Amino acid sequence: MRAKRTSPAGRTLTAVTRSEKETLELARDLARGFRGREVVLLIGELGAGKTTFVKGIALGLGLKDLRQVCSPSFTILNIYQARFPVFHFDLYRLEKEGDILDLGWEDYLDRGVVVVEWGEKVPFEISAVRAFIAKGEGDERRFTIEIPGSNS
Ligand code: ADP
Ligand code: MG
């Protein structure tokens, strides 16, 4: 993993993984430093590894049974009880920008770690970790992870 400072306020990590396990470990290591109120927006096409990344986050937050973690593409929200509550959103089926407001989404922000698949559909400004995932050849996945500073 490589880290570079992009501004005094935050940093950007880049990483390449070559298996599902490596993606799991990347997300696990990131989440080990979480304090319980982070928002993580995951941005990448179908099959990029967003749900795998959420599994890794849940693992890093101490969730024992990772079988609970799956894309809530019909239910929109899954909740896991790890060291902190994990609110796992999947906005794939969200059609209009306003629909996310109907979810009462902001109620979750100060109650635990919020992780969002199809995070580019969140229509408002928010301080969040943004993980961009690009598919490469075969099992290769390229991650660009923007982490905001504590003052943002
Ligand atoms: P998404 O939620 O973005 O649709 P998933 O995490 O559900 O993606 O699925 C990713 C798929 O890609 C899985 O079938 C997984 O086994 C496969 N895969 C292959 N290589 C990787 C990798 N490096 N990281 C994550 N998943 C990978
Ligand atoms: Mg998914």
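Everything numeric in this text was worked out from a predicted model, so none of it was measured.
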Heavy-atom pair of closest approach, residues [X] and [Y]:
| X | Y | answer |
| --- | --- | --- |
| Leu61 | Ala31 | CD2-O, 3.5 Å |
| Pro148 | Ala128 | CD-O, 3.3 Å |
| Ala131 | Ile145 | CB-CG1, 4.2 Å |
| Gly47 | Lys135 | O-CE, 3.3 Å |
| Arg11 | Leu13 | NH1-CD2, 3.9 Å |
| Gly62 | Ala82 | C-CB, 4.4 Å |

Who are the side chain to side chain donor-acceptor pair (under 3.5 Å) partners of [X], not counting sequence neighbours?
| X | value |
| --- | --- |
| Thr52 | none |
| Glu146 | none |
| Arg18 | none |

Exercise for review: Take Glu120 and Trp118 through the test side chain to side chain contact (heavy atoms under 4.5 Å, CB included) and record every step on the way to the result.
Suggested key: CA-CA 5 Å; Glu120 67 273 31; Trp118 305 96; 3.5 Å; yes
Exercise for review: Kindly check if the number of other-residue, nucleotide or ligand heavy atoms within 6.0 Å of CZ (Arg83) is above 12?
Suggested key: yes
When rounded to the nearest 0.5 angstrom, what is the spacing between [atom1] in [X] and [atom2] in [Y]?
| X | Y | atom1 | atom2 | result |
| --- | --- | --- | --- | --- |
| Ile79 | His88 | CD1 | NE2 | 12.0 Å |
| Glu117 | Thr51 | CD | OG1 | 3.5 Å |
| Asp139 | Lys21 | CG | NZ | 13.5 Å |
| Arg35 | Phe84 | CZ | CZ | 9.5 Å |
| Leu63 | Gln81 | CG | CD | 9.0 Å |
| Leu26 | Ile57 | CG | CD1 | 9.5 Å |

Between [X] (side chain only) and [Y] (backbone N and O only), is there a donor and an acceptor less than 3.5 Å apart?
| X | Y | value |
| --- | --- | --- |
| Arg32 | Gly60 | no |
| Arg93 | Ile76 | no |
| Lys50 | Glu45 | yes |

Would you say that [X] contacts [Y] through its side chain, given a criterion of any heavy-atom pair below 4.5 Å between the two side chains?
| X | Y | result |
| --- | --- | --- |
| Asn78 | Val54 | no |
| Phe53 | Val115 | no |
| Glu106 | Leu109 | yes |

Check your understanding: Given Tyr80 and Asp65, is the side chain to side chain contact (heavy atoms under 4.5 Å, CB included) satisfied, shown in steps?
Key -> CA-CA 10 Å; Tyr80 316 118; Asp65 181 10; over 6 Å; no
Practice item. Following the transitive rule for hydrophobic clusters with a side-chain heavy-atom cut-off under 4.5 Å over Ile, Leu, Val, Met, Phe, Trp and Tyr, establish whether Leu24 and Val16 coincide in one cluster. Key: no
Practice item. Take Asp90 and Ser73 through the side chain to side chain contact (heavy atoms under 4.5 Å, CB included) test and state the conclusion after the steps. Key: CA-CA 5 Å; Asp90 185 319; Ser73 30; 3.8 Å; yes
Exercise for review: Check the angle between the aromatic planes of Tyr108 and Phe89 and answer parallel, tilted or perpendicular using the 30° and 60° thresholds.
Suggested key: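 Aromatic pair Tyr108/Phe89 classed perpendicular.
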Review point. Between Trp105 and Ile126, is a side chain to side chain contact (heavy atoms under 4.5 Å, CB included) present by the stated rule, with each step listed?
Key: CA-CA 12 Å; Trp105 128 292; Ile126 185 168; 3.6 Å; yes
